[in-house]
Amino acid sequence: MYKICKKSEFFLYKYLYASSLVEEEVSSPRIWKNYIEQYSDSIETDNYGTVIGIINKYNSFKIVIEANVEERQWYINYISDDGIISCVDKKIAPSKRVNIHTKNGMIDGVFFSKISEKLGNFFLIDIGASTLKEVENLGINVGCRVTSQYDFFILNNKYYVGSAHKICGFIIAEVMRLIKKNNVLLPYGLYVINTVRKKETHPANIVIKIDVCNETNKKINGEIKCGLGPVINYSPSINNNLREKIIFLAKKNNLSFQRLVNKKDDFSRGIYALISIPIRYRYTTVEMARKKDIENCINIMYETLKNIDPSEKFNYF
C-alpha cells in the first residue's frame with residue numbers, strides 16, 4: 001500500500017508553500033506541472049492556469065480525476081489617505097499575515113482589523129506606510145490581489161498544516177505517479193486535471209473529483225472525523241454504481257473511509273463521483289489534513305482506476 005515518502009513530502013512542501021497565482025514565476029500550478037511531467041505522456045494547459053497531465057491521449061474512452069487548487073484571494077478595493085488598505089470578505093479573522101501581489105513583486109502586510117457594515121465585511125491591512133503616495137510607490141493599487149501567508153509543517157507526525165485545499169492536487173499527482181511507476185496499462189485515456197477554477201469543462205466518460213470537507217459532529221451532515229479515512233459522498237448528481245464500485249474496492253483492500261450526504265454538490269457532467277479529505281480550521285492559515293486520510297485516498301483512487309473497464313455499464317437500465 002502507498003505511503004508518503006520523503007521525495008513526495010518535499011514536493012508537497014514546495015507545492016503548499018507556493019502561491020496559487022499561476023502568472024507568478026514560482027507558483028503551485030507551475031510546481032505541479034513540473035512534477036507530473038515525468039509521469040505523463042503529454043501535458044495540456046489553458047489560459048487561466050489549469051494543468052492537465054495525460055496518459056493514453058488518443059483513447060476514445062476518457063476518465064478525468066480532478067482537483068481544484070483555488071486559493072482564497074481578495075482584491076484591494078480601497079486605499080486610504082493614511083496608507084491603510086481595505087478588502088471585502090466574509091470569512092476571515094484578524095491577526096493574519098498577508099501577501100500583496102504587485103508587478104514589482106510581493107509586499108508583506110498585516111490584517112489588523114475587521115469592520116462590519118451593511119454593505120459587507122471589510123478587513124484592513126497595514127503595510128507600514130503612512131500615506132497613499134507611499135503605498136502607490138510600492139506598486140500597490142486598487143485591484144491588486146491579496147493572499148494569506150502559509151507556513152507548511154507537520155503536527156505530531158500526523159497532520160499536514162498549511163493550505164489544505166491544495167492537498168487535493170497532491171493526491172491526484174501521486175495517483176498518476178503510482179500508475180506510471182507500477183507500469184499499469186490503462187485501457188482508457190486518463191486526464192489528471194489540476195484546475196484553478198471551480199468547474200472544469202473537459203469532456204470525459206467518467207469524472208472522479210477530489211475535494212476537502214469540514215470535520216464535523218453535526219447530525220445534519222453526519223459525523224466526519226480526521227483520521228477515519230477519506231469521505232465518499234452521496235448526492236443526486238453522483239452516480240450510484242460508480243460510488244458503490246469505489247466503496248467495494250475500498251473494503252476489499254481494507255482501506256478506511258467515511259460517508260457524507262453532500263447537499264451542496266450540483267455537479268452534472270458525465271458519470272461522476274466525489275471523494276473528500278476531511279480537514280480542520282477551514283479558511284484559516286492553519287488548515288490541517290491527516291496524513292493517514294491522504295494516503296488512504298490515494299490508495300482508493302489508485303485501486304479504482306486500475307479496476308475500471310470501459311465496457312462496464314454504470315447506467316441504471
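For the single chain, residues carry numbers from 1 onward in sequence order.
- Looking only at side-chain heavy atoms (C-beta outward), F170 and W32 stay at 4.5 Å or farther from each other.
- The side chain to side chain contact (heavy atoms under 4.5 Å, CB included) with I206 is formed by just one residue from the set T304, L305, I271; it is I271.
- Minimum heavy-atom separation, C213 to I224: SG-CG2, 4.2 Å.
- Here the options are F123, F122, W74, the test is side chain to side chain contact (heavy atoms under 4.5 Å, CB included), and the partner is V88; only F122 passes.
- Residues I65 and L255 share a hydrophobic cluster, clusters being chains of Ile/Leu/Val/Met/Phe/Trp/Tyr side chains in contact below 4.5 Å.
- Transitive grouping of hydrophobic side chains (ILVMFWY, heavy atoms separated by less than 4.5 Å) brings I171 and I179 into a common cluster.
- Counting heavy atoms from C-beta outward, Y160 and I4 have side chains that approach closer than 4.5 Å.
- Remark: side-chain polar atoms of N239 are not paired, donor with acceptor, to backbone N or O of A273 under 3.5 angstrom.
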For this session: Could you check N194 against Y15 for side chain to side chain donor-acceptor pair (under 3.5 Å), going step by step and ending with a plain yes or no?
Result: CA-CA 12 Å; N194 201 15; Y15 178 61; 3.3 Å; yes

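- For the pair D293 and K225, the salt-bridge criterion is not met [side-chain N within less than 4.0 Å of a carboxylate O].
- The hydrophobic clustering, which links ILVMFWY residues whose side-chain heavy atoms are closer than 4.5 Å, places I154 and I277 together.
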For this session: Please step through side chain to side chain contact (heavy atoms under 4.5 Å, CB included) for the pair N299 and N253, ending with a clear verdict.
Result: CA-CA 9 Å; N299 281 312; N253 291 278; over 6 Å; no

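- In this structure, CG in N137 is found 9.5 Å from CG in L132, a value given to the nearest 0.5 Å.
- Screening residues 295-308 for salt bridge (Lys or Arg N to Asp or Glu O under 4.0 Å), with sequence neighbours left out, gives K3-E295, E303-K306.
- Under the 3.5 Å distance criterion, the side-chain polar atoms of N233 are left unmatched by any main-chain donor or acceptor of N262.
- Between the side chain of Y316 and the backbone N or O of N240, at least one donor-acceptor pair lies under 3.5 Å.
- Annotation: the span from F314 atom CZ to R243 atom CZ amounts to 12.5 Å, rounded to 0.5 Å.
- Of all heavy-atom pairs between V286 and V161, the closest is CA-CG1, 3.8 Å.
- Of the possible polar contacts, none joining the N296 side chain to the P230 backbone as a donor-acceptor pair under 3.5 Å is found.
- S80 is linked by a side-chain contact (heavy atoms from CB on, under 4.5 Å) to Y78, D82, I84, counting only residues two or more places apart in sequence or in another chain.
- Around atom NZ of K292, no more than 12 heavy atoms belonging to other residues, nucleotides or ligands sit under 6.0 Å away.
- Residues C226 and R280 meet the side-chain proximity criterion, which asks for heavy atoms closer than 4.5 Å.
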For this session: List the steps, then state whether side chain to side chain contact (heavy atoms under 4.5 Å, CB included) holds for S256 with L228.
Result: CA-CA 6 Å; S256 61; L228 299 182; over 6 Å; no

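- Atom-to-atom distance recorded for T131:OG1 and I79:CD1 is 10.5 Å, nearest 0.5 angstrom.
- For the atom pair CG (L186) and CG (N59), the distance works out to 9.0 Å, reported to the nearest 0.5 Å.
- Applying the side-chain contact (heavy atoms from CB on, under 4.5 Å) criterion to E44, with sequence neighbours excluded, gives I52, I54, K57, H202.
- For V135 against A129, the heavy-atom pair with the smallest separation is CG2-CB, 3.7 Å.
- For the pair I275/F257, no side-chain contact is recorded, criterion being any heavy-atom separation below 4.5 Å from C-beta on.
- Nearest heavy-atom pair, Y281 versus E287, reported as atom, atom and distance to 0.1 Å: O-CG, 3.3 Å.
- Here the side chain of D126 pairs no donor or acceptor atom with the backbone of F112 at under 3.5 angstrom.
- Taken from OG in S86 to CD1 in I76, the straight-line distance is 8.5 Å, to the nearest 0.5 Å.
- Within the structure, no pair that satisfies the salt bridge (Lys or Arg N to Asp or Glu O under 4.0 Å) test touches residues 131-143, not counting sequence neighbours.
- Annotation: salt bridge (Lys or Arg N to Asp or Glu O under 4.0 Å) contacts of K158 (sequence neighbours excluded): none.
- Atom CG of N99 is separated from atom CE of M106 by 4.5 Å, given to the nearest 0.5 angstrom.
- Applying the side-chain contact (heavy atoms from CB on, under 4.5 Å) rule to F10 yields the partners Y13, K14; only residues at least two apart in sequence or on another chain are considered.
- Under a 3.5 Å cut-off, the side chain of K166 and the backbone N or O of A18 do form a donor-acceptor pair.
- Checking side-chain atoms of E66 against main-chain N and O of T195 turns up no donor-acceptor pair under 3.5 Å.
- Of all non-hydrogen atoms in A289 and I279, the two that sit nearest each other are CB-CG2, 4.0 Å.
- Between K6 and E9 the shortest side-chain heavy-atom distance falls below 4.5 Å.
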Exercise. Hey, mind stepping through I167 and L16 against side chain to side chain contact (heavy atoms under 4.5 Å, CB included) and telling me if it holds?
Worked result: CA-CA 8 Å; I167 287 290; L16 293 189; 4.2 Å; yes

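- D211 is not listed as a side-chain neighbour of N68, based on a closest heavy-atom distance of 4.5 Å or more.
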For this session: Walk me through it: do Y39 and E174 pass the test side chain to side chain donor-acceptor pair (under 3.5 Å)?
Result: CA-CA 10 Å; Y39 308 119; E174 287 298 275; over 6 Å; no

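- Annotation: side chain of V175 is not in contact with side chain of Y2 (no heavy-atom distance under 4.5 Å).
- Across D108 and I127, no two heavy atoms sit closer than the pair O-CG2, 3.6 Å.
- By the 4.5 Å heavy-atom criterion applied to side chains, L178 and M301 are not counted as neighbours.
- Note: the hydrophobic cluster containing I43 also contains I63 (ILVMFWY, side chain heavy atoms under 4.5 Å, direct or indirect links).
- Remark: the S311 side chain and the D309 side chain contain an N/O donor-acceptor pair separated by less than 3.5 Å.
- Follow the hydrophobic side-chain contacts under 4.5 Å out from I125 and you never reach Y75; the two are in separate clusters.
- N182 contributes no side-chain N or O that, together with a main-chain N or O of V184, makes up a donor-acceptor pair within less than 3.5 Å.
- Formation of a donor-acceptor pair under 3.5 Å by the N205 side chain with backbone atoms of K62 is found in this model.
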For this session: Could you check V231 against E215 for side chain to side chain contact (heavy atoms under 4.5 Å, CB included), going step by step and ending with a plain yes or no?
Result: CA-CA 10 Å; V231 177; E215 185 183 59; over 6 Å; no

